[in-house]
Every structure is written in C-alpha cells, then in structure tokens.
Number of protein chains: 2
Amino acid sequence: METTRGAERQRTAAERRRRELLEAADRVVLRDGPQASMNAIAAEAGITKPILYRHFGDKGGLYRALAKRHTDALLSALRAALDAPSERRERVEATLDTYLAAIEASPQVYRFLMHPSDDSAPSPEQGFDVGRHSAPLLRRLGEELGKVIAERVDLGPESEQMARIWGHGIVGMMHAAGDWWLGDRPCSREQLVRSLADLLWGRLAEAGDLPGGQGF
Amino acid sequence: METTRGAERQRTAAERRRRELLEAADRVVLRDGPQASMNAIAAEAGITKPILYRHFGDKGGLYRALAKRHTDALLSALRAALDAPSERRERVEATLDTYLAAIEASPQVYRFLMHPSDDSAPSPEQGFDVGRHSAPLLRRLGEELGKVIAERVDLGPESEQMARIWGHGIVGMMHAAGDWWLGDRPCSREQLVRSLADLLWGRLAEAGDLPGGQGF
DNA sequence: GACTGTTTGTTACCGCTAGTAACAGGTTTA
DNA sequence: TAAACCTGTTACTAGCGGTAACAAACAGTC
C-alpha cells in the first residue's frame, strides 16, 4: 500500500505551497500596506483567489498566519534581550532598544502588525469585545512581559496582578512612544531609550516643580 | 436686499442639519461599531447617501468630525483632572482615573476612537507615514501631556524633548493598560490606577529580585 | 487498463461597500 | 418672470471579500 507515503508527500507539498503563498502575501503587504487585497496577493503568487481561500479560510486567517511569523520573530528577539545577564536597568534598556530597532528596520511590517485594518472577525455579536480588534501583538507582548516580571521581581502581596498591569503598561508605553518617534523621528534611538528608562526609574516622582503656575 | 439675512439663515440651517447628521451617525456607530456603513448612517438620519457625502466629503471626513466631538469632550475632562489643585501624585491618579472611567462608561465610543477601522486616508503614497493610520486621539493626548509636563516639571537640560517622550509614553501606558483591563476586567479601577501610578513612581527600580533564576 | 476520490486550479458569479453623475423640486435673489 | 442655489432623489460605477460550479491532473484500488 502506498497510502501513507503518498499522503505524506502530499502533505509536505501542501505545506510548501502554503509557505510560498505566505511569502507572496508578505511581499504584497510590504508593498501595498495592510489593505492589500486578496486579488493582489493571489496575483503575486501567480494563482487565483479561491486557492488562497482554501488555504487560509478567509482574509483574517491569512493575515493571522502572516502576523504570527513576524510576531514570533520579534518575540524571540525580545526574549533574548530580556534574558541577557546584566543589571536590571541595562536589560530594560536593551529590550526597549531591541523593539525600537525592529520597528525602525521595517516600518511596513510594524504597521501591518499594529494596524492590521482589522477585519479579522466581522463580529456579528456586539458585546464588550473591545480590545479584541486591537492588534493582538500588543496583548501578547504585554502578557509575556507581565509573566517575566511576576517571575523575577518581588512586588509584595498581589504581586501577580500588579506584574500583569505593569507588563501591559510598559509595553503600551514602548509602543506609543515608538509609534510617535517613528513618525517624525525627533531624536536618536539612544536618547529615546534612555528617556523611557528614566521614566520607568521614577524620575517623574523625583523631579522638582518648575517655577510659575501650579506644579505637576 | 435680503442677501445677508437669507444667507445667514441658510448657513445656520446647514449647521443644524450637520449636527443632526452627526448625531444620527453617532447612534449608528454606537450600535454597529466602527464599521458602520454610510448607507446605514444615511438611513438612520432619514436621508440618502449623497447628502452625507455633500456634508462630509467622504467617510473619513464624517468619522473625523465624529471623532473630534468625543475627543474634545474627553480632552477637556482630562485637562480638568490635570489642573486640579493637589499633589502631583494625586493629580496623576486623578487623570488616570478620569481616562479609565471614560472608557469604562462607553466602551463603544472608546473603540470607535481607538480602532476606527482606519480608512480615513486611502493613502496612495506609501512613504514612512506609519503612525498616521494610528488613532489620532492618542497622538493628541500624548502631545498635550508632553506640553503640560514641559511646562510644569523641571527635567534639566533637553527638558522639552524628554517631556514629549514622556507624554507619549505615559499616554501609551494608560491606553494599553486600559484596553487590556476593559477586556477581561481583572481588577478594580482603583487598583489599576494605583498600580500604574506606582509604576510611574519608580517602584520597578526599587523592587528587589525574586529568588530563583536571574533577576529582572 | 479502467474506475474512483482527492487535490489544484479555473471562470463566473453574489452581495456588499464607498463614492458619483444626473436630474427634480423649492426658495431666495434679481 | 427668470436666474441661481440648495436639498433631495434615483440609478449607476468600480472594487471588495467570498463562493459555487466545473475542469484537469494525480493518487491508489479493482
């Protein structure tokens, strides 16, 4: 019986095809932005729409598969920075810098991951599904960082909840500052990293009021 | 000559109409989410599409007008909290709480403002216009907060740039944490506010390492 | 070799969207 | 009365995501 070997070969062929399709989709998204159409992606891959739909279900499926690749790559880079053997402050700065370097290196990828023109779920239900349409990458980063903080930092009672809050907060800080910085590039990356680390290190609390007007 | 009085009357009539249309759009967006169609909005207002287009140009124009109303409202609430006469820490907590209370009170509005299903600018150009597709509300909040910090806090040399960075960073922190919190509501608002303020007050730097594994 | 099922691919369509052209009636100005 | 303008309509376009129906190539089975 040739069943198993034939099936095997077909499966690997399908996987290779899928990779090819994802690479074609990647090129189109990098060229046209997140609003790239399924037609354009199919054309780039040299095929027609229904095949794309057979492989990925719907547009959201394709975009999710596409996002997962980039997200995993960024996440492992961040994990490496987070695990470097050095002082806490240095590790924080290295992590911030890794993230900023990544979004600086390929802003199109970043834009796709963060603002995916979100129609991944047409969502007929209208409950309190707020954040679900937000970029899932941010959530994932926030959760990961929260876990790392909970594992390594002593925050007293209710440590775990505070660690999760901080994880999401710090990731949000990094993201918003990076997004703004990437737009009009008002300073060097080093300066941005240092300023954000200073913020996390409590310089806001320490700084004195400026003369004139009420203090902050 | 009746010219001026007639023109006046017509202008105010047009403005009233515009307000009515915006209110109808508001209802639909609150009901259907940010992907509400122009047809649905026109139907809610009791008219047909071309009138909508005559008033607002395109969908982006309508959404921008709609967003401005809510943004202005939120912004003035935040400014009030930021100007309250009390200690810096209290003011920071009040501001965080004001923001979180607002998004808690009407998550649909929040979702519209933050994830506007961004087609406000079809953007034929494909330069480094990254953040432009992000929610403009966050940028505006970040800039405002940066200004406030620069005015009131003494940060030494290069104070202004650091203040802007901090403004965007703090707003991003507030936003990401709020977005996550609104999703699965893992703790009370007070606790969230306190934890974020603690983060800004440098507790991350002060906290000790947890035993086992490398520190953070 | 003939038969059957699965995979890969196509064309041609559906319903929906944003946006527009062209035209009809009412009111103000001259 | 006639010109100008505003408000509103119907009917259309082009493009989108998504699908049904069908054609060919290939596997394994009798």
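None of these values were measured; they are calculated from a predicted model. Below, chains carry the letters A, B, ... as their sequence lines are ordered, and counting in each starts from 1.
Distance, Lys49(A) NZ to dG15(C) P: 15 Å, rounded to whole Å. Rounded to whole Å, the distance from CD1 on Ile47(A) to P on dT7(C) is 17 Å. Per the geometry, CZ belonging to Arg16(B) stands 14 Å off C1' belonging to dT7(D), to the nearest Å. Going from atom CD of Glu20(B) over to atom C1' of dT7(D) covers 13 Å, rounded to whole Å. Here the P atom of nucleotide dG9(C) and the CG atom of Leu21(A) are 8 Å apart, to the nearest Å. A straight line from CD of Glu15(A) to C1' of dT8(C) spans 17 Å, rounded to a whole angstrom. In this entry the distance linking CD1 of Ile41(A) with C1' of dG18(D) reads 14 Å, nearest Å. Rounded to an integer number of Å, the gap from NE2 of His55(B) to P of dC6(D) is 11 Å.
A 4.5 Å side-chain heavy-atom check between Leu199(B) and Arg203(B) finds every atom pair outside the cut-off.
In the set dA18(C), dG18(D), dG8(D), the nucleotide with an atom closest to the side chain of Ile51(B) is dG8(D). Which of dG9(C), dA18(C), dC16(D) sits closest to the side chain of Lys59(B) comes down to dA18(C). Side chain of Pro50(A), nearest nucleotide from dT11(C), dA18(C), dA21(C): dT11(C). Closest contact between the side chain of Ala14(B) and the listed nucleotides dT7(D), dC16(D), dA18(C) involves dT7(D).
Nucleotides of DNA chain D nearest to Tyr53(A) and Arg17(B) differ in position, and the one nearer the 5' end is that of Arg17(B).
Nucleic acid contact for Ser37(B): sugar-phosphate only, since backbone atoms but no base atoms lie under 4.0 Å from a heavy atom of the residue.
For the pair Ser106(A) (side chain) and Val109(A) (backbone), a donor-acceptor distance under 3.5 Å is absent.
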Quick one: side chains of residues 93-103 of chain B, donor-acceptor pairs under 3.5 Å with protein atoms, not counting sequence neighbours, listed by atom name and distance.
residue, atom, partner, partner atom, Å
Glu93(B), OE2, Arg89(B), NE, 2.8
Glu93(B), OE2, Arg89(B), NH2, 3.0
Thr95(B), OG1, Arg91(B), O, 2.8
Asp97(B), OD1, Arg189(B), NE, 2.9
Asp97(B), OD2, Arg189(B), NH2, 3.2
Thr98(B), OG1, Ala94(B), O, 2.8

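No salt bridge links Arg31(A) with Asp26(A); every basic N to acidic carboxylate O contact stays at or beyond 4.0 Å.
Between Thr48(B) and dG8(D) there is no side-chain N or O to OP1 or OP2 distance below 4.0 Å. Proximity of Arg54(B) to the phosphate of dC5(D): no side-chain N or O atom is located under 4.0 Å from OP1 or OP2.
A perpendicular orientation is assigned to the rings of His70(A) and Phe112(A), their planes being inclined by more than 60° (bins at 30° and 60°).
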